[in-house]
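Structure, as structure tokens:
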Amino acid sequence: MVAADAAAIPLAARTRGLRKVYRGTVAVDHVDLDVPMGAVLGMLGPNGSGKTTTIRMLLGLVMPTAGEVELLGHRLPDGAAAALPEVGALVESPGFHSFLSGRENLLRLAAAEPHLHSGRIPAAVSESLERVGLTGAANRRYKGYSLGMKQRLGLAAALLVPRRFVILDEPTNGLDPAGTREVRSVIADLHAAGTTVLVSSHLLAEVEATCTHVAVLNQGTVVAQGELAELLDSGNAGLLITTPEITLAVDALRDNRIPARAVPDGVRADLTATTAPAVVETLVRAGVPVHEVRRDRTGLEDLFARLTEDGAAAEAAEFDLALPIPEEAR
Ligand SMILES: Nc1ncnc2c1ncn2[C@@H]1O[C@H](COP(=O)(O)OP(=O)(O)OP(=O)(O)O)[C@@H](O)[C@H]1O
């Protein structure tokens, strides 16, 4: 992606020079974040890297110490009233009433939705509860909900009306594997419907499974951002091939000038100068039985680990790791 293209892509959210200082603690600094319209952007970063603070500033819940926030084309804080009704959000402590049921809580929130006609409220609440798998527990008091059920109710609140932009802060926190899969499926449905989604996580695998774009935060600043596919292709990309004929496979690849080495159960082929189909074709032509082929994702893991280590922000700044990732950073 060249810079000129990036500038032409409409953005659901854009921050420039965003900074937040809490009583001497710099929570977020120099954050220039671009959330392309229609993207599912994973905001990835270790605990305390500034994800929640950035999200709160995007939603106008926290005033930045410095910098600009633009949400759906409206500059905050003045444009908040125009932008926020089109934004659904799940953030920490959503402020539900403990003595009301899940359904009653949603009915109260729905009544405050400017884009929801009062006659549609009961149906919208039921649909939203159904979507997050809470219909069975809808009439129980919020007070007795498990952490996972609270998360689901927060998600239901974010989805009460069709939104152009949905922001989810750690949506799978406290969810079991089935709940995690459901959240992923809700995100996939939103994406398919053209909704822009920003989802924060400290889990690399979760971002890989759901996102089209990624922004990596460390120590309050964005150290890399861009399309996930480009990040996956960065670093030392490789292919892992499972085969019982390891020696034959390594020899066949090396004979065809594809760097390869033995790994447990197979070989790892370097994709720097070739493609996955070319590797497979070379092996099949050499009579190597190929049992399984998958991308070696250590490229992204290595990159993420490097970017989020102590002092990594300085390194990233040095290499200007906003995508495209320059050669010297690979
Ligand atoms: N209200 C606050 N008052 C003081 N410091 C705060 C406040 N909110 C956040 N911080 C500090 O700002 C930094 C960034 O916190 P933030 O919650 O934004 O990170 P995060 O990436 O969302 O972390 P996590 O994954 O643990 O939720 C941390 O050092 C945190 O202690």
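Every number for a ligand or one of its atoms is a count from 1 in the order of the listing. One is the number of the first residue; the rest follow in order along the sequence.
- Residue His74 places its NE2 atom among more than 12 non-hydrogen atoms of other residues, nucleotides or ligands, all under 6.0 Å distant.
- When every heavy atom of Leu76 is checked against every heavy atom of Leu59, the shortest pair comes out as CD1-C, 4.4 Å.
- For the residue pair Glu206 and Thr172, a side-chain donor N or O sits within less than 3.5 Å of a side-chain acceptor on the partner.
- Because its NZ or CZ atom is not both nearer than 6.0 Å to the ring centre of Phe96 and within 45° of the ring axis, Lys150 does not count as a cation-pi partner of that residue.
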Sub-3.5 Å pairs, protein N or O with ligand 1 N or O:
from, atom 1, to, atom 2, distance (Å)
ligand 1, 18 (O), Thr53, N, 2.9
ligand 1, 18 (O), Thr53, OG1, 2.5
ligand 1, 19 (O), Gly50, N, 3.1
ligand 1, 21 (O), Ser49, N, 3.0
ligand 1, 21 (O), Ser49, OG, 3.2
ligand 1, 21 (O), Gly50, N, 3.0
ligand 1, 21 (O), Lys51, N, 2.9
ligand 1, 21 (O), Lys51, NZ, 2.9
ligand 1, 22 (O), Thr52, N, 2.8
ligand 1, 22 (O), Thr52, OG1, 2.7
ligand 1, 23 (O), Gly48, N, 2.7
ligand 1, 25 (O), Asn47, ND2, 3.1
ligand 1, 25 (O), Lys51, NZ, 2.9
ligand 1, 26 (O), Asn47, ND2, 3.1
ligand 1, 26 (O), Gly48, N, 3.4

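- Other residues, nucleotides and ligands contribute more than 12 heavy atoms inside 6.0 Å of the CZ atom of Arg131.
- Counting heavy atoms from C-beta outward, Tyr145 and Lys143 have side chains that stay 4.5 Å or more apart.
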